[in-house]
Amino acid sequence: MERLEGKKYRLNLMKFLGEHKRMMILSMIVMLITTGLGVVTPWLMSFLVDKALPKRDVNLLVLCVAGIAVIPILNMLISALENVYKSNVQTQITVKLRFQLLEKLLKLSPITLSKYQQGDITGRLVRTCDDISQFVTKLLNGFNNVISFLFVGVVMVTMNWKLSTIVLFFAPLMVYFYYRRIRFWRTTYKDISVAQKEYDVFITEVVPGLKTVQTFQQEQYEIEHGQELNRKYRKLQNQLQKQRSFQGRLFWELQDSLSTSLVYAAGIYFIFHQQMTIGQLLAFTVYVPRFYGAINSLFVLYMDRDQLKPEIERYEEMMEFPDENIDEADAISLEKPNGQIEFQQVSFGYSDERNILQDVSFTIQPGEFIGIVGATGGGKSTIIDLLLRFGQPRTGQILLDGQPLASYQLQDYRKHVGLVPQDIFLWNRTIRDNLRYVNPSSTEEEMIQAAEQAQLMSLIENLPEGWDTLIGDRGVRLSGGEKQRLAIARTLLRKPSILLLDEPTSALDAKTEYLLQECLEEVYKDKTIIVVAHRLATIRNADRILVVNKGRIEESGSHEELMAKQGYYYDLAKQQFQVSTLVG
Ligand SMILES: Nc1ncnc2c1ncn2[C@@H]1O[C@H](COP(=O)(O)OP(=O)(O)OP(=O)(O)O)[C@@H](O)[C@H]1O
């Protein structure tokens with residue numbers, strides 16, 4: 001299925017900060033204070049050496065020493081406060097990013113999402129959001145560094161502009177170094193992001209697949225596979241960290257010692273020529289590493305931004321998908337459908353290369369019970385998917401009560417359609433909660449009625465905790481047939497006007513299937529029912545049977561008509577039943 005062109009989505013990280021103005025302002029104030037305090041200490045030191053000491057002014061001396069002692073404590077307290085604010089902002093941004101992405105995912109069709117691996121989606125929903133929000137708070141540190149850089153710069157220039165000019169000598173060198181390195185590291189960042197995704201996918205597959213792993217004794221293979229993925233990730237991370245810390249650290253130390261030596265040499269020269277005081281030189285020895293430290297941190301922030309880029313792109317890619325579960329501007333509401341469904345030359349494919357359904361046309365009258373059978377992979381479930389509006393026909397159209405399906409408000413339409421899918425999904429909640437999920441306002445009587453219709457009551461009555469039994473992940477504590485009956489009861493509780501059942505009884509014994517069918521036919525005699533089945537017994541009583549093969553309707557008619565035709569259906573039946581008993 002071709003991807004619809006979505007609007008470009010760009011994550012504006014600054015906007016996130018803007019949305020937390022109060023906290024940002026507080027954080028900024030705290031940062032200004034801490035940066036200011038950081039500048040005051042060296043200034044007090046120079047004051048102590050140049051003014052208090054020569055004058056032997058005890059009061060001034062005590063004041064300077066007290067200031068030098070108290071400022072770090074104040075700094076620490078204020079920084080702790082700032083950290084609390086920052087982590088608060090970070091949590092809020094994580095929640096917002098996750099929620100925004102979840103909201104988007106819920107607007108996409110399962111067909112679109114089937115192109116992605118589950119682990120990849122979970123990774124985006126959790127880790128990617130965490131990484132992004134962590135970076136957003138690092139941006140606050142970036143402001144801190146800019147302020148520190150400007151503050152220290154201004155104080156240095158005011159103190160001694162000549163020495164300040166010499167100090168700046170190393171700045172272009174630093175810019176050049178980082179410029180070269182950043183370009184080199186960029187590829188590694190991408191590889192790390194891919195390796196992370198691979199591990200996410202592996203772990204989300206291996207846990208639900210535990211039964212398969214153990215049955216086929218592939219534990220060792222999975223351990224080795226997991227180790228291999230981890231090794232790859234660790235190797236890339238180590239390589240990057242080694243380069244970042246070793247090359248970065250080496251350059252930083254070199255630059256630090258050279259600039260400090262130059263400051264000392266030039267400073268002593270200026271002192272000899274009475275162009276500078278000893279106190280000022282002392283202050284410079286503290287300011288210079290702080291000045292370059294701020295520049296260094298800004299580059300580190302830039303590198304972190306680079307590292308985060310693939311993650312941001314992963315997030316944006318998902319957000320760029322156009323919403324699929326939205327209505328046309330003039331969509332009409334649907335009070336209660338009669339249930340007449342018409343496929344008019346419908347073609348559909350999941351990818352551009354191949355059509356799964358080809359020119360499919362049929363009409364279902366209100367209240368008809370339709371069976372769909374055919375070879376595996378022929379497109380039966382795809383017909384159900386289209387009826388649920390998970391995809392749009394590539395050509396042709398589907399009508400409900402004479403109107404295009406797409407012209408109805410989607411939420412309205414889906415209210416009237418009930419599905420029992422082939423691949424049943426149940427929540428790890430109680431039986432009661434699984435039923436209530438589809439109709440929270442249902443009464444106890446309605447739930448019992450749905451359970452009775454789905455032949456589920458015998459199960460509930462035999463469970464020690466009855467309705468309040470927890471059924472495990474995806475209903476793992478239930479048998480296949482029990483899951484199917486619970487899924488049927490759940491759908492019946494919705495009281496849909498159109499009932500779609502995709503292999504609903506494949507795991508049931510013949511007697512239970514018979515009882516269920518009797519019940520369904522009775523309850524749904526005036527409603528439209530479409531049942532996809534491989535077992536022909538399931539649809540034998542249908543008003544009409546559509547035989548789907550390779551994306552086309554090969555035959556259609558009642559069981560008797562199709563048997564008499566001796567075509568595709570007859571061959572299918574021959575494989576399943578004693579032909580003589582059926583024809584008779
Ligand atoms: N989400 C998807 N993405 C890509 N291809 C898909 C997707 N779902 C189904 N297909 C392909 O579409 C074809 C028809 O699938 P469909 O599930 O409709 O067949 P079916 O007749 O219901 O088969 P079965 O009887 O085995 O359930 C298959 O070849 C299948 O591989």
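Just follow the structure's listing: the first ligand is 1, and inside any ligand the first atom is 1.
Using a 3.5 Å distance cut-off with no hydrogens or angles, the side chains of Q340 and T363 do not pair a donor with an acceptor.
Counting only residues at least two apart or on different chains, the salt bridge (Lys or Arg N to Asp or Glu O under 4.0 Å) pairs with a member in residues 470-489 are D423-R474.
Residues that satisfy the ring-ring contact (aromatic ring centres under 6.0 Å, His included) test with F216, not counting sequence neighbours, are absent from this structure.
The pair R10-E320 meets the salt-bridge criterion, with a side-chain N (NZ, NE, NH1 or NH2) lying under 4.0 Å from an Asp/Glu carboxylate O.
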For residues 327-338, run the donor-acceptor check on the side chains, cut-off 3.5 Å, and write out each pair with its distance to 0.1 Å, sequence neighbours left out.
unit_1 : atom_1 : unit_2 : atom_2 : d
D327   : OD1    : L410   : N      : 2.6
K336   : NZ     : S497   : OG     : 3.4

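Within 4.0 Å of ligand 1, contacts by protein heavy atoms are made from S114, Y350, R354, I356, A375, T376, G377, G378, G379, K380, S381, T382, Q422, H534.
Here the rule is side chain to side chain contact (heavy atoms under 4.5 Å, CB included) with V206, and of T204, I203, L210 only I203 fits it.
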